[in-house]
Amino acid sequence: RVESWVDAMDSGAIDGIFRRYLWTPISEAATEFRSKKKDVLLRYLDLIKPIEATITHELIPAPELGPGVAFRGRAALLHALLHTGNESNMSKLLRGYKWEQANWQRFLDRAIRDGLITKDDYDYAQGVWDLLESIKPQAQAAHHEMYGYYFHEITAKAIQTPWGTYRGGYVPAIADRNQSVDQAIREEKDLFDQGGNSFMFPTTGRGFTKSRVEKYAAPLALDLTGLPVHLDKTLRFIYLEPRVKDAARLVTNKALRQGLDAMDQTVAKDMLVPWLQRSAQQTVSTPGRNRHADQLFRYLRKSTGAQIMVGNVLNTLQQFTGFSSSLLKVRGRSMRGALMNYLRHPITYAEDVSTRSAFMKGRSSSQVIEIQSAIDDILLNPGKYDQARQFAERHGYFLQQGAQNLVDLITWGAAYDEAL
């Protein structure tokens, strides 16, 4: 909708003002974000695969920490281990759960002695710390670009183990919303800020850049599935936040806003600002005010869609009507040429398009979803039913996706040839 509006405002010019300053920066930033996210998630998947077989979900008693204390599986224990990479996280972990330093050390010594914690676990922890450290310079650069200063960093603390010294590092210290009223309120506020208020200034969120209140302590969430979420937030801040803020300044600029409102009062508040919000959050729809209702209707929508569309040949054939829309943008002769080139060498043609266009590479691939699913499978150990449901969700539209990819490749190739 927004791209079509931009096209109309620029009278179809490919380098028009509205496209150049509103659409293109957001589109290119989103493409770069998706590409970088795939690379980072692949690196995280490589870190967690060596310990995949050890991720069990039985309770791990820790009587040294107090009567009845137990970790909810190996993932929770590993997350606690990640919090030992710096003084700040370690302090928050101990104070949040009211554990004594000496008792933690006693538990750690026994866990190492009994093989509950191994060299592979510390290698994994250092890999996570290094991964987060590797994207910190880009986050600092984005923060400095937008705010004129660098955010405060947490200093790593070296750790002595039977397998040598590890450098330590940082992971986000997030309170467990099930045990902390403050965290639950904070998450509800975040959802409200991301919600349907079209006058809210669009943002990806930058909580991880804000200085900690060191005196505050609450039980920390020991859930490794939160790490990919943190990586996603950080990468959105790096690649999307600067461009979204630039575009938002334009949309909220008084002079421009008056011009847009004089033409159509709904353009800015009902289309452009919500679009920037969804772009910043990388969501298809704007979250509602009721999180539980959102989840219910999202489940119903996905389930109903899958029931109707799986193996639907008629709907698949309808994808090819996209060529008629393509002919509004590119000449028929170019489309015929691209089609012939595709039919001669379909695999090579598709690879060539992906090489030339990062956007097309992301559009014709579901790699990020596959990588995220692989990480979730390791950490969550889903049952047979959940595995089948996830497979259906990922591949239910395989016929439609195959047909649409064909239309996309040929249309892009035709437009590329015309541009040359």
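In this text the structure is predicted, and so the values were computed from the model without any measurement.
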Side-chain contact test, heavy atoms from C-beta onward, threshold under 4.5 Å: evaluate it for L260 versus L272 and give yes or no.
yes

So, the side chain of D10 versus the backbone of G12: is there a donor-acceptor pair under 3.5 Å, distance only?
no

Are Q401 and N405 close enough that a side-chain donor and a side-chain acceptor fall under 3.5 Å?
no

Check whether any side-chain heavy atom of L235 sits under 4.5 Å from a side-chain heavy atom of L240, and report yes or no.
no

Side-chain donor/acceptor of D176 to backbone N/O of L220, under 3.5 Å:
no

Gap between atom CG of L47 and atom NZ of K49 - 0.5 Å precision
12.0 Å

Would you name the heavy atoms of A338 and A414 that are closest together and state the gap between them?
CB-N, 3.7 Å

Sequence neighbours excluded and cut-off under 3.5 Å, please list the side-chain donor-acceptor pairs for residues 344-352, or say none.
{"unit_1": "R344", "atom_1": "NH1", "unit_2": "N341", "atom_2": "OD1", "d": "2.8"}
{"unit_1": "D352", "atom_1": "OD1", "unit_2": "R356", "atom_2": "NE", "d": "3.2"}
{"unit_1": "D352", "atom_1": "OD2", "unit_2": "R356", "atom_2": "NE", "d": "2.9"}

Can D264 and T266 be said to form a side chain to side chain donor-acceptor pair (under 3.5 Å), step by step?
CA-CA 6 Å; D264 184 344; T266 65; 2.8 Å; yes

Quick one, R249 with D246, criterion salt bridge (charged side-chain N to carboxylate O under 4.0 Å, His left out). Give me CA distance, side-chain angles, the key distance, then yes/no.
CA-CA 5 Å; R249 285 194 188 98; D246 286 345; 3.2 Å; yes

Is there a side-chain contact between L399 and N312, using heavy atoms and a 4.5 Å cut-off?
no

Taking Y44 for the side chain and L131 for the main chain, is one N or O donor matched with an acceptor at less than 3.5 Å?
no

Which of these passes side chain to side chain contact (heavy atoms under 4.5 Å, CB included) with L224: L82, V128, V171?
L82

Test item: L256 and V251 side chains (from C-beta on) under 4.5 Å apart, heavy atoms
no

Salt bridge flag under 4.0 Å for residues R331 and D417
no

Evaluate the criterion side chain to side chain contact (heavy atoms under 4.5 Å, CB included) for residue pair T225 and I375; output intermediate values, then yes/no.
CA-CA 8 Å; T225 58; I375 294 171; over 6 Å; no

Minimum heavy-atom separation for G168 to A156, with atom names?
C-CB, 3.8 Å

Aromatic centroids of W5 and F18 separated by under 6.0 Å
yes

Should the pair Y149 and Y147 be assigned to parallel (<30°), tilted (30 to 60°) or perpendicular (>60°) ring geometry?
tilted

Verdict with supporting geometry, D7 and K329, salt bridge (charged side-chain N to carboxylate O under 4.0 Å, His left out):
CA-CA 11 Å; D7 200 40; K329 295 289 185 179; 2.7 Å; yes

Does a side-chain heavy-atom distance below 4.5 Å link W129 with R167?
no

Taking the six-membered ring for Trp, is the centroid-to-centroid distance between W23 and W275 below 6.0 Å?
yes

Checking S334 side chain against V330 main chain: does a donor-acceptor pair fall under 3.5 Å?
no

Show your reasoning for whether side chain to side chain contact (heavy atoms under 4.5 Å, CB included) applies to Y122 and L78.
CA-CA 9 Å; Y122 270 104; L78 286 173; over 6 Å; no

Evaluate D261 against K269 for salt bridge (charged side-chain N to carboxylate O under 4.0 Å, His left out), listing each step before the verdict.
CA-CA 9 Å; D261 289 347; K269 68 184 182 69; over 6 Å; no

Side chain proximity check, P50 to D120, heavy atoms < 4.5 angstrom
no

Are more than 12 heavy atoms from other residues, nucleotides or ligands located less than 6.0 Å from atom CG of L300?
yes

Lys/Arg-Asp/Glu bridge criterion (N-O < 4.0 Å) met for E3, R19:
yes

Does this structure show an ion pair linking R74 with D121, if we count only N-O contacts that are shorter than 4.0 Å?
yes

Any donor and acceptor pair, going by atom type alone, linking the side chain of S324 with main-chain N or O of T321 inside 3.5 Å?
yes

Salt bridge between K92 and E87, side-chain N to carboxylate O under 4.0 Å?
no

Side-chain donor/acceptor of S326 to backbone N/O of G322, under 3.5 Å
yes

Under 3.5 Å donor-acceptor, T54 side chain and I51 backbone
yes

Side chain to side chain contact (heavy atoms under 4.5 Å, CB included) assessment of L108 paired with L81
CA-CA 9 Å; L108 199 60; L81 196 67; 4.0 Å; yes

Rounded to the nearest 0.5 angstrom, the CG-NZ distance for N89 and K157 is 11.5 Å

As an exercise, state the distance from OH of Y150 to NE2 of H143, rounded to the nearest 0.5 Å.
11.0 Å

What's the separation between atom CD1 in I117 and atom CG in L77, rounded to the nearest 0.5 Å?
4.5 Å

Any carboxylate oxygen within less than 4.0 angstrom of a Lys/Arg side-chain nitrogen, looking at R72 and D223?
no

Does a donor on one side chain sit under 3.5 Å from an acceptor on the other, for R20 and T24?
no

Closer than 4.0 angstrom, basic N to acidic O: yes or no for K136 and E153?
yes

With a 4.5 Å cut-off on side-chain heavy atoms, are I112 and W163 touching?
yes

Hey, what do you get for CD (Q138) to CD (Q140), rounding to the nearest 0.5 Å?
10.5 Å

Just by distance, do the side chain of Q319 and the backbone of N315 share a donor-acceptor pair under 3.5 Å?
yes

Show the numbers, then the answer: is there a side chain to side chain contact (heavy atoms under 4.5 Å, CB included) between Y239 and T31?
CA-CA 9 Å; Y239 296 104; T31 298; over 6 Å; no

Report the C-alpha separation of D39 and R43 in whole Å, then their side-chain angles, then the decisive distance to 0.1 Å, and conclude whether the salt bridge (charged side-chain N to carboxylate O under 4.0 Å, His left out) test is met.
CA-CA 6 Å; D39 295 340; R43 290 169 61 188; over 6 Å; no

Using a cut-off of 6.0 Å, state whether more than 12 heavy atoms not belonging to F320 lie near its atom CZ.
yes

For S357 and V353, indicate whether the former's side chain and the latter's backbone hold a donor-acceptor pair under 3.5 Å.
no

Distance col, row F71:CZ vs L59:CG, nearest 0.5 angstrom, shows 11.5 Å

Evaluate the side-chain proximity of M360 to L409: yes if any heavy-atom separation is below 4.5 Å, no if none is.
yes

